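Remarks on the structure that follows.
Computed from a predicted model, the values in this text were never measured in an experiment.
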Amino acid sequence: MSEHKKYGWTAKGIVGMIFSPMGLIWLVLGVALWYYGAGDEPDDPLVFLCVFGGLGAIFLLVGLGLLLADIHRRTLLRRAYEGGYYVMAKIAGTGVRANVNVKGRHPVYVECHYTDPSTGTVHVYFSRDLYLQVDDLFTSDEVPVYLDRMNDAVGFVDIDAVLPKIQVHT
């Protein structure tokens with residue numbers, strides 16, 4: 001299991017990557033303006049601290065929350081994959097993630113279903129985002145889904161196992 005797997009970033013994680021440094025910069029700016037007594041009136045440094053520092057703290061906390069949530073999701077997927085326990089799930093189809101737009105295109109995800117034979121419960125898992133149409137490229141109609149033995153809601157869809165090597169020419 002030494003090969004490198006892609007666990008994918010979600011939109012929340014990307015927003016966290018943007019909000020966190022932006023909030024940190026505003027927070028530091030607000031504290032610096034307060035510390036150096038910027039402004040003409042005696043209350044101006046406090047206003048700068050409240051406005052820049054307050055907005056910076058909000059953006060920093062929201063960004064860190066989103067970023068840490070996505071890092072936690074990726075850690076759970078990595079733990080499931082490295083645990084080595086997997087089931088074969090049937091590829092149900094692909095869908096388009098319309099809320100994400102990269103270079104004018106929406107990424108595609110693969111939906112797969114696995115029925116637990118002991119309970120009859122159908123589990124639905126989704127792959128990471130793919131940035132090309134893969135409907136006709138699957139080498140199998142089933143895909144390995146690595147499950148976390150401590151939490152069966154966590155499943156890493158190893159979509160690369162059922163796709164050939166792809167070389168995109170632009």
Apply the test side chain to side chain contact (heavy atoms under 4.5 Å, CB included) to residues Phe19 and Phe59: give CA-CA distance (whole Å), side-chain angles for both, the deciding distance (0.1 Å), then the verdict. CA-CA 6 Å; Phe19 276 24; Phe59 272 87; 3.7 Å; yes
Plane angle bin for Phe156 and Tyr7 - parallel if under 30°, tilted between 30 and 60°, otherwise perpendicular: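 Correct class here is tilted.
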Do [X] and [Y] land in one hydrophobic cluster if side-chain heavy atoms of ILVMFWY residues count as linked below 4.5 Å?
X	Y	value
Met88	Val124	no
Leu66	Leu24	no
Leu33	Val28	no
Val87	Ile159	yes
Val15	Ile18	yes

[atom1]/[X] to [atom2]/[Y] distance, rounded to the nearest 0.5 angstrom?
X	Y	atom1	atom2	answer
Leu163	Asp158	CG	CG	9.5 Å
Ile71	Met17	CD1	CE	7.5 Å
Leu67	Lys12	CG	NZ	13.0 Å
Glu142	Ile91	CD	CD1	8.5 Å
Asp70	Thr75	CG	OG1	9.5 Å
Leu27	Leu49	CG	CG	8.5 Å

Under 3.5 Å: donor-acceptor pair, side chain of Thr115, backbone of Thr121: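 No, because the side chain of Thr115 does not come within donor-acceptor range (under 3.5 Å) of the backbone of Thr121.
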Any donor-acceptor pair under 3.5 Å linking the side chain of Asp116 with the backbone of Gly120?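 Flag not set: sc Asp116 to bb Gly120 has no pair under 3.5 Å.
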Take Arg74 and Trp9 through the side chain to side chain contact (heavy atoms under 4.5 Å, CB included) test and state the conclusion after the steps. CA-CA 8 Å; Arg74 290 168 52 95; Trp9 287 98; 3.6 Å; yes
Would you check if [X] and [Y] make a side-chain contact, meaning some heavy-atom pair closer than 4.5 Å?
X	Y	answer
Ile166	Leu137	yes
Val143	Tyr125	no
Lys90	Cys112	no
Arg128	Val157	no
Trp26	Val51	no
Leu77	Val154	yes
Phe138	Thr94	yes
Val108	Asp129	no

How close do [X] and [Y] get, heavy atom to heavy atom, and via which atoms?
X	Y	answer
Leu64	Ser20	N-OG, 3.2 Å
Ala161	Pro144	CB-CG, 3.8 Å
Gly155	Leu147	CA-CD2, 4.1 Å
Val145	Ala89	CG2-CB, 3.6 Å

Between Arg79 and Asp148, is there a side-chain N and carboxylate O pair less than 4.0 Å apart?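 Answer for the salt bridge query: yes.
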Under a 4.0 Å N-O cut-off, is there an ion pair linking Asp160 with Lys6?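 Salt bridge: no.
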Taking [atom1] in [X] as the centre, count heavy atoms belonging to other residues, nucleotides or ligands within less than 6.0 Å. Is the count above 12?
X	atom1	value
Tyr86	OH	no
Tyr114	OH	yes
Tyr131	OH	yes

